[in-house]
Amino acid sequence: MPLKIYNSLTRQKEVFEPLNAPYVGMYVCGPTVSGESHLGHARPFITFDVVYRFLLYKGLKVRYVRNITDAGHFEEEGKQAEDKIATKAILEKLEPMELVQKYTHLYHWAMEQFNNMPPSIEPTATGHIVEQIEMIKKIIADGYGYEANGSVYFDVVKYNEDYSKKNQPYGILSGRNLEEQLDTTRELENQEEKKNKVDFALWKKAPVEHIMRWQSPWGEGFPGWHIECSAMATKYLGKQFDIHGGGMDLQFPHHECEIAQSTVCNHQMPARYWMHNNMITINGRKMGKSYNNVIKLSELFEGNHPELTQAYSPMTVRFFILQSQYRGTLDFSNEALQASEKALRRLMEAYEWLKAQSFTAGANATDAALDSQLKTWVNELEIFMDDDINTAKVVANLFEIIPSVNSLKDKHITAEAVSGDTWLFVQKQLELFIEQILGIKVEQGANRQQLNGVVDLLVEIRKDAKTRKDFATSDKIRNQLAAMGIQIKDEKDGGMSYSFL
RNA sequence: GGUCCUGUGGCCGAGUGGCUAGGCAGAGCUCUGCAAAAGCUUCCACAGCGGUUCGAAUCCGCUCGGGACCUCCA
């Protein structure tokens, strides 16, 4: 089955055909490391991690580039500081690289918590100033950029005129019409420098107090906020590559500007497939700085936020995100996260048990209907992934399969009901989809081994007590352990098992 | 104001015109010393009004509601 992905550019699902199979180039817009990542940021990184994993599973050789924006628009943090201390004090105390370092580390830590695979290349904007300047020079030389008072702007109107003839007007990705924008775009500062208010900055002259600054043919300044992605994507993936991803809110203006810049320099549309994940909302509203409703990842993991009734583990959050299709909005609530937490536990307990079983190959099944139903469910996993990475349906099917696994575990059905071949197939594919493709890993704390030993001992004592019909002791052990988050389960044959909640 | 998306049961969330999505919560049953877990069964739905169709949650129109982008934004 071929993989189909929804291309924002054409607004439809298309069969994914790599430009140079088996090689695939994928660029995803990374974070601006001027602050801590929040729940909303987690979505694209988890979504595209799954895309990456699935492409790898398909046997493709993927170069996954995800940038780190560590230059340019750090105004907000600077402004906050400005209110408190004098500009001179900022110069003395606030070293930009300190911020960058701190938040880059936090970001990497969060990515690891989520079990996201590291991208092949993680380039930084500050490491590619030269490439950005070269690109801007090229744009000016071609007549689509102009200098004004030490800054350089992209001439959107001229670009639109020329490229409309080539069927690639400005606004092709976001479905915008330039004339309308000329009428509706708000007035901003420094508009007088621009020829048209829709023009965007390629290079900005640095005001005296601006700390991050580089030499350029137009004086000291810093790059505009779209050019870094164009420069780095071109450098590492070529003039045209396969997939460009990012959040839906980047579609305009960021990706639109990227298209314009790259097209002028490289004479072709930079990416063939544009994928955009939708937003995470909270109380029906997008989670974002400007709405003042963000839940930072560290707060989420610690349960330390007024909106949170408890802490949620990274895998719970990952699973929560994968329970929906990436193109729809996803509404945050404690109820929804708690549902995910419980569902994930049920899934993983059954999965871990299944993984530890040994089955013998063989084709005989006493329950042929169940046998073939299981095979169908398992086979559908890949079909659903092929359909625009529909992780929601993949997860739904996992829950179709789980009851059979638990039935086997609790001896509601015999192993012979389903053929050994099928059990082996279920076992293998569940491992593939749960661990390799969805990237869900078993979460367990440190000292687990030692703790297991202690719990084993208590379980033994409880067994003795039960045999003596000393239910007081038996219940005491079970209840006290339950209070500590360790759940004992009595099994049919007198055995006991336990799990950590 | 412009462009676009969306409205599914108590909550989250899939749904390609005809078939039970799935999860969590609720109810019942089985199992159990009692529980828990697990399994089985089950209640609750497609914003409203029209239209197309043999048949619509799914297509079209209108109304109402929600949201995103147009400024930094994942």
Side-chain angles (χ1 to χ4, degrees), chain A residues 11 13 28-32 34-35 37-48 72-76 171 174-177 179-181 183-189 198 225 245-254 256 276-281 284-291 294 319-320 323-325 327-347 349-350 384 387 390-400 402-413 466 469 471 474-475 478-479 482 487-492 497-499 501:
Chain A
R11 285 149 222 276
K13 284 183 196 172
V28 174
C29 291
T32 300
S34 62
S37 301
H38 60 73
L39 174 58
H41 295 122
R43 196 171 194 191
F45 303 137
I46 290 172
T47 299
F48 289 104
H73 31 291
F74 279 72
E75 289 88 347
E76 193 151 331
S174 53
R176 256 157 243 266
N177 170 310
E179 281 71 41
E180 280 165 2
Q181 281 190 71
D183 294 338
T184 60
T185 305
R186 273 187 255 168
E187 292 294 335
L188 293 166
E189 288 172 43
V198 288
W225 52 284
M248 218 160 233
D249 48 355
L250 293 183
Q251 200 175 53
F252 189 91
H254 185 57
E256 204 70 72
H276 293 98
N277 64 276
N278 215 318
M279 302 292 104
I280 288 185
T281 57
R285 183 145 226 141
K286 173 185 168 183
M287 189 175 283
K289 239 181 193 172
S290 30
Y291 296 122
V294 302
F319 187 69
F320 169 66
Q323 265 183 304
S324 70
Q325 212 275 346
R327 280 190 292 116
T329 55
L330 172 59
D331 202 45
F332 165 89
S333 68
N334 281 285
E335 225 178 340
L337 259 299
Q338 281 160 11
S340 292
E341 184 180 71
K342 287 187 183 173
L344 177 63
R345 188 188 308 145
R346 184 155 80 96
L347 173 70
E349 280 183 9
F384 293 153
D387 183 17
N390 198 332
T391 54
K393 289 184 92 169
V394 170
V395 170
N397 257 41
L398 293 176
F399 279 101
E400 298 284 9
I402 285 310
S404 296
V405 173
N406 281 329
S407 290
L408 177 65
K409 179 184 172 192
D410 291 345
K411 304 181 174 65
H412 293 133
I413 60 172
K466 262 188 78 173
K469 299 221 186 284
F471 295 125
S474 153
D475 286 358
R478 185 178 63 197
N479 295 340
Q487 185 174 69
I488 294 214
K489 299 164 198 169
D490 289 345
E491 288 171 349
K492 253 186 176 167
S497 64
Y498 56 87
S499 57
L501 304 186

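To find a chain, count down the sequence lines: A is the first, B the second, and so on, and within it residues start at 1. Just so it is clear, the structure is predicted and the values come from calculations on it, not from any experiment.
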I'd like to check [X] versus [Y] (side-chain heavy atoms, cut-off strictly below 4.5 Å). Are they in contact?
| X | Y | value |
| --- | --- | --- |
| A/Arg345 | A/Gln487 | no |
| A/Met248 | A/Met279 | yes |
| A/Pro31 | A/His41 | no |

Heavy atoms from C-beta onward define the side chain here; which of [options] lies closest to that of [X]?
| X | options | value |
| --- | --- | --- |
| A/Arg285 | B/G67, B/C69, B/G23 | B/G67 |
| A/Trp225 | B/C72, B/A36, B/A74 | B/C72 |
| A/Asp475 | B/G33, B/A74, B/C70 | B/G33 |
| A/Pro253 | B/A36, B/A74, B/C70 | B/C70 |
| A/Ala396 | B/A37, B/A21, B/C12 | B/A21 |
| A/Ser333 | B/G67, B/C11, B/A37 | B/C11 |
| A/Leu250 | B/A74, B/G23, B/A36 | B/A74 |
| A/Gln325 | B/A36, B/G15, B/C40 | B/G15 |
| A/Ile402 | B/G39, B/A36, B/A74 | B/G39 |
| A/Ala392 | B/A14, B/A68, B/C12 | B/A14 |

Ignoring hydrogens and angles, tell me if any N or O in the side chain of A/Ser497 forms a donor-acceptor pair with the backbone of A/Asp490 under 3.5 Å.
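Not at all, since once roles are kept as given, no pair shorter than 3.5 Å links the two residues.
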
Check: A/Asn390 side chain, A/Lys393 main-chain N or O, donor-acceptor pair, under 3.5 Å:
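Yes; judged by distance alone, with no hydrogens or angles, the pair exists.
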
Between [M] and [N] - [atom1] atom distance, rounded Å:
| N | M | atom1 | answer |
| --- | --- | --- | --- |
| B/A57 | B/G17 | C1' | 10 Å |
| B/U3 | B/C24 | P | 44 Å |
| B/C5 | B/A45 | P | 30 Å |
| B/G10 | B/A68 | C1' | 27 Å |
| B/C11 | B/C46 | P | 13 Å |
| B/G39 | B/G13 | P | 24 Å |

Base of [N], side chain of [X] - is there a donor-acceptor contact under 3.5 Å?
| X | N | answer |
| --- | --- | --- |
| A/Asp490 | B/C34 | yes |
| A/Asn390 | B/G15 | no |
| A/Arg478 | B/C34 | yes |

Specify the residue among A/Lys469 and A/Gly246 whose closest nucleotide of RNA chain B lies further upstream toward the 5′ end.
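Its nearest nucleotide lies further toward 5', so the answer is A/Lys469.
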
A/His412 or A/Ala42: which one's nearest nucleotide on RNA chain B is closer to the 5' end?
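On the 5' side of the pair lies A/His412.
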
So [X], base contact, sugar-phosphate only, or nothing? Heavy-atom distance under 4.0 Å.
| X | answer |
| --- | --- |
| A/Ser407 | sugar-phosphate |
| A/Ser474 | base |
| A/Asn277 | base |
| A/Tyr498 | nothing |
| A/Phe252 | sugar-phosphate |
| A/Glu400 | sugar-phosphate |
| A/His38 | base |
| A/Gly288 | nothing |
| A/Met287 | base |
| A/Lys342 | sugar-phosphate |

Are A/Phe45 and the base of B/A74 stacked, counting only ring centres nearer than 5.5 Å and planes tilted under 30°?
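No, the aromatic ring of A/Phe45 does not stack with the base.
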
Both distances below 3.5 Å, Watson-Crick or wobble geometry, any strand: find the nucleotide opposite [N].
| N | value |
| --- | --- |
| B/C59 | B/G51 |
| B/A38 | B/U30 |
| B/A68 | B/U3 |

State plainly whether the residues A/Lys286 and A/Asp249 are in salt-bridge range, i.e. N to O under 4.0 Å.
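Yes.
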
